[in-house]
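Written out below as structure tokens is the structure these notes cover.
Along the sequence shown, residues carry numbers from 1.
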Amino acid sequence: MKPGPCWSLYENGVSGILADEMGLGKTLQTISLLGYLSEYRGITGPHMVVVPKSTLGNWMNEFKRWCPMIRPFKFHGNQEARAAQKAKYLDPVNAFDVCVTSYEMVIKEKNALKKFHWRYIIIDEGHRMKNANSKFAQTLGNLYTAKRRLLLTGTPLQNDLHELWALLNFLFPDVFPDSAKFDAAFDRGAG
């Protein structure tokens, strides 16, 4: 069985947005995609899932429950705890498949995390990328490399063209590099 819309994005070789109402299974669809890649395609990572700090434990529990063959690790904690995690997991041997971390760690630990060429960078509450000028969006968009990117969101766009460009720029930076050109091309008031 193939894991829904996420699988379709993967099969077509594109990044994308999985957007639906809260509670409809974006977490499980994402975990099933990574499980499918691991079990049926032999692609074990490294993947990074960036989530709100309050949901770190839930993501770890869901991985354990639904895909126990995947080796996730939670990258979070004080400086001492993170140093131990880096020594154990962020070595050349890649003793993990999925790094589950928070928005704050993406910024604080950018020197350790940007060294990886991630297979997937998945952002829970992906609408946080709507502000292209935020430190989080700038750091993740400019310093991290990934073969594919996936945004999970239950919050729709607010009919703002620049917010749409910010999401598309994160997903497809080569296609949507310039907000001014995007705004000019899609400005409803033009011509």
Side-chain angles (χ1 to χ4, degrees), residues 2-34 36-37 41 43 45-53 55 59 98-110 113-191:
K2 298 192 170 66
C6 294
W7 175 82
S8 180
L9 290 170
Y10 175 80
E11 285 296 308
N12 288 297
V14 295
S15 295
I17 302 172
L18 182 56
D20 61 22
E21 294 181 37
M22 289 178 58
L24 294 180
K26 292 181 291 291
T27 301
L28 186 53
Q29 288 182 58
T30 302
I31 291 171
S32 70
L33 169 67
L34 298 181
Y36 171 79
L37 293 177
R41 295 292 181 96
I43 299 169
H47 309 293
M48 181 168 58
V49 179
V50 185
V51 305
K53 180 180 172 182
T55 66
W59 273 89
V98 180
C99 173
V100 180
T101 193
S102 69
Y103 309 131
E104 297 81 13
M105 291 303 106
V106 164
I107 297 167
K108 277 186 179 177
E109 291 292 349
K110 64 182 176 262
L113 294 171
K114 73 179 184 181
K115 293 177 184 175
F116 290 87
H117 181 77
W118 303 97
R119 297 255 189 182
Y120 258 104
I121 292 178
I122 299 162
I123 303 175
D124 192 7
E125 305 294 335
H127 52 273
R128 286 189 58 136
M129 298 303 289
K130 290 191 298 188
N131 180 359
N133 295 320
S134 72
K135 190 168 186 168
F136 174 66
Q138 291 283 316
T139 302
L140 198 54
N142 296 330
L143 298 179
Y144 288 75
T145 59
K147 187 166 183 154
R148 293 192 181 83
R149 296 173 176 195
L150 180 63
L151 299 175
L152 311 177
T153 184
T155 304
L157 292 170
Q158 300 300 315
N159 295 321
D160 185 303
L161 204 54
H162 192 73
E163 288 179 358
L164 176 59
W165 171 82
L167 297 178
L168 293 172
N169 172 258
F170 174 73
L171 294 170
F172 308 103
D174 295 338
V175 178
F176 298 100
D178 187 339
S179 66
K181 288 181 182 176
F182 183 82
D183 290 344
F186 294 99
D187 184 5
R188 289 181 239 187

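The distance from atom OG of Ser179 to atom CG of Leu164, rounded to the nearest 0.5 Å, is 12.0 Å. How far CD of Glu125 is from CG of Leu151: 11.0 Å, rounded to the nearest 0.5 Å.
Looking at every heavy atom in both residues, Val51 comes nearest to Val49 through CG1-CG1, 3.5 Å. The shortest heavy-atom contact between Ala132 and Ala166 is CB-CB, 3.8 Å. Residues Leu113 and Trp118 approach most closely at O-NE1, 3.2 Å, considering heavy atoms. Among all heavy-atom pairs drawn from Leu18 and Lys26, the shortest one is O-CD, 3.4 Å.
Between Asp124 and Val50, the closest side-chain pair of non-hydrogen atoms is not below 4.5 Å. With contacts defined as side-chain heavy-atom distances shorter than 4.5 Å, the pair Leu168/Val175 does not qualify. Within the 4.5 Å cutoff, the side chain of Leu167 has heavy atoms near those of the Lys130 side chain. Side-chain contact between Met48 and Leu140 is present, with at least one heavy-atom pair separated by less than 4.5 Å. Side chains of Cys99 and His47 form no contact here, defined as non-hydrogen atoms less than 4.5 Å apart. Here the side chains of Leu150 and Ile123 are not in contact, with every heavy-atom distance at 4.5 Å or above. The shortest side-chain heavy-atom distance between Phe170 and Ile17 does not fall under the 4.5 Å cut-off. Contact check for Tyr103 versus Arg128: side-chain heavy atoms found under the 4.5 Å cut-off.
A cation-pi geometry, defined here as NZ or CZ lying under 6.0 Å from the six-membered ring centre and within 45° of its normal, does not hold between Arg41 and Tyr36.
Residues meeting the ring-ring contact (aromatic ring centres under 6.0 Å, His included) test with Trp59, sequence neighbours left out: none. Considering only residues two or more places apart in sequence or on other chains, Phe176 meets the ring-ring contact (aromatic ring centres under 6.0 Å, His included) condition with Phe182. Remark: Trp165 pairs with no residue by the side chain to side chain donor-acceptor pair (under 3.5 Å) rule, at least two apart or across chains. The side chain to side chain contact (heavy atoms under 4.5 Å, CB included) search around Lys110 returns Thr139, Leu143, Tyr144, not counting sequence neighbours. Applying the side chain to side chain donor-acceptor pair (under 3.5 Å) test to Asn142 and every residue at least two apart in sequence or in another chain returns Gln138. By the side chain to side chain contact (heavy atoms under 4.5 Å, CB included) test, Lys115 pairs with no residue at all, sequence neighbours left out. With sequence neighbours excluded, the residues forming a side chain to side chain donor-acceptor pair (under 3.5 Å) with Ser102 are His76, Glu104, listed by chain and number. Residues passing the ring-ring contact (aromatic ring centres under 6.0 Å, His included) test with Phe172: none are found, sequence neighbours excluded.
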inquiry  = Before you tell me yes or no, could you show the steps for Leu33 and Tyr120 under side-chain contact (heavy atoms from CB on, under 4.5 Å), namely the whole-Å CA-CA distance, both residues' side-chain angles and the distance that decides it to 0.1 Å?
reply    = CA-CA 11 Å; Leu33 169 67; Tyr120 258 104; 3.8 Å; yes
key: Verdict with reasoning, Phe116 to Thr145, per side-chain contact (heavy atoms from CB on, under 4.5 Å)   = CA-CA 7 Å; Phe116 290 87; Thr145 59; over 6 Å; no
request  = In sequence, state the C-alpha distance, the side-chain angles, and the governing distance for Leu152 and Ile122, and then conclude on side-chain contact (heavy atoms from CB on, under 4.5 Å).
outcome  = CA-CA 7 Å; Leu152 311 177; Ile122 299 162; 3.9 Å; yes
query = Could you walk me through whether Ile43 and Tyr10 pass the side-chain contact (heavy atoms from CB on, under 4.5 Å) check?
reply = CA-CA 12 Å; Ile43 299 169; Tyr10 175 80; 3.0 Å; yes
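No more than 12 heavy atoms of other residues, nucleotides or ligands lie within 6.0 Å of NZ in Lys108, so this atom counts as exposed by the packing criterion.
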